[in-house]
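Scope of the values below: all heavy atoms of this structure, side chains included, with no hydrogens, waters or symmetry mates. Indexing begins at 1, ligand by ligand and atom by atom, following the structure's order. Counting from 1, the numbers follow the sequence of the chain as shown. Values in this document were obtained by computation on a predicted structure and should not be read as measured data.
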Amino acid sequence: MTTSSYAKINLGLKVLGERPDGFHDIISVFHEVDLADEITLSPSVCGTIGVSSSSPYAPDGPENLAYKAADVLRRSVNRPELGVDISILKRVPAGGGLGGGSSNAGLIIRTLNRIWNLGLPNDRLIDLAASIGSDVPFFVHGGCALVTGRGETIQPVDSTEDPVIVLVDPGFAVSTPWAFGKLSMELTRSSPYIRFLNSVRTSGKVDLLDLFCLLENDFLPLVGARYPSVQRILSLICEAGALGASMSGTGATLYGGFARASDAQEATDRLEDQGYTAHLCKPVRRLSRNVQ
Ligand code: C5P
């Protein structure tokens, strides 16, 4: 079977504090978007997990998060005879804060639980996902979710409205451990964005057009201070008529949300004229994606 493994963007990201385990507590809205890898899974009972990827940047074999996902799942049920061949057509750029590898891992946990007939409950799948990486639990759900803790506390929410999103590769990568390590610890626990997310928590709904007007990402000042192109790209997106613009995760992918497709297209054209790679995409909702 072949299925789409969608990228995510963080619609805002606040760091609430450091945890005893060395990670950080965050609050963010994660939303899948329709930029996706294609994953083909061929299950077997030969006990072998094989991973091959079309990208030279993604490792084949045990180092790949897809391998780890399949392995952690079969170990959790003590079924070493389970096997699968995983073939990944990579379209989501690596290392850009779009969760490409984490998405592959979350999709594999969810899908192999079904096709290997394991019947593990969702909270067990989330625990296994968290053992692979902080962004993986979100992808066990997908769609749109309010995400807290270190990334393992997921509240699925219904998103409304359908903005066009322009993703921009600014031409550099940001290391996640570097970004968390450099973050100034003058952390805010209250802001318009956090108050808005508290209302999302209560209602279980988020209007994406409203959210785009309130985005805050704690890593943006840090990354923007190091790379002057960040401010240039965000200004260009806003001048083209975006409701709001920000960065996904710890970077480096930048994005804007547009109510009008023509404005989004104009932003894309202007960014490409300046030599940047830009993708037009749309939010993906849990019920509309092609998972069985
Ligand atoms: O879990 P993941 O492998 O994505 O995390 C990479 C690094 O990012 C961690 O080792 C940690 O330094 C940092 N991190 C953090 N708090 C989080 C997520 C990641 O400090 N909530």
Atom 16 (N) of ligand 1: the protein heavy-atom neighbour that sits closest, reported with distance to 0.1 Å
His24 N, 2.9 Å

Could you name the option among Pro177, Ser134, Ser131 that has the heavy atom nearest to atom 7 (C) of ligand 1?
Pro177

Heavy-atom pairs closer than 4.0 Å: do any link ligand 1 to the side chain of Phe23, the backbone, both, or neither?
both

Can you tell me if Gly151 has a non-hydrogen atom under 4.0 Å from ligand 1?
no

Where does the angle between the aromatic ring planes of Phe138 and Phe30 fall among parallel (under 30°), tilted (30 to 60°) and perpendicular (over 60°)?
tilted

Can you find a heavy atom in the side chain of Ile109 that is under 4.5 Å from one in the side chain of Arg124?
no

Asp135 to ligand 1, any heavy atom closer than 4.0 Å:
no

Has ligand 1 got any nitrogen or oxygen that is less than 3.5 angstrom from a nitrogen or oxygen of Thr176?
no

Is Arg150 close to ligand 1, meaning an N/O of one under 3.5 Å from an N/O of the other?
yes

Does the plane of the ring in Phe212 sit parallel, tilted or perpendicular to the ring in Tyr255? Use 30° and 60° as the thresholds.
perpendicular

Is the shortest side-chain N to carboxylate O distance from Arg79 to Glu81 below 4.0 Å?
yes

protein heavy-atom neighbour closest to atom 3 (O) of ligand 1 works out as Gly133 CA, 4.4 Å

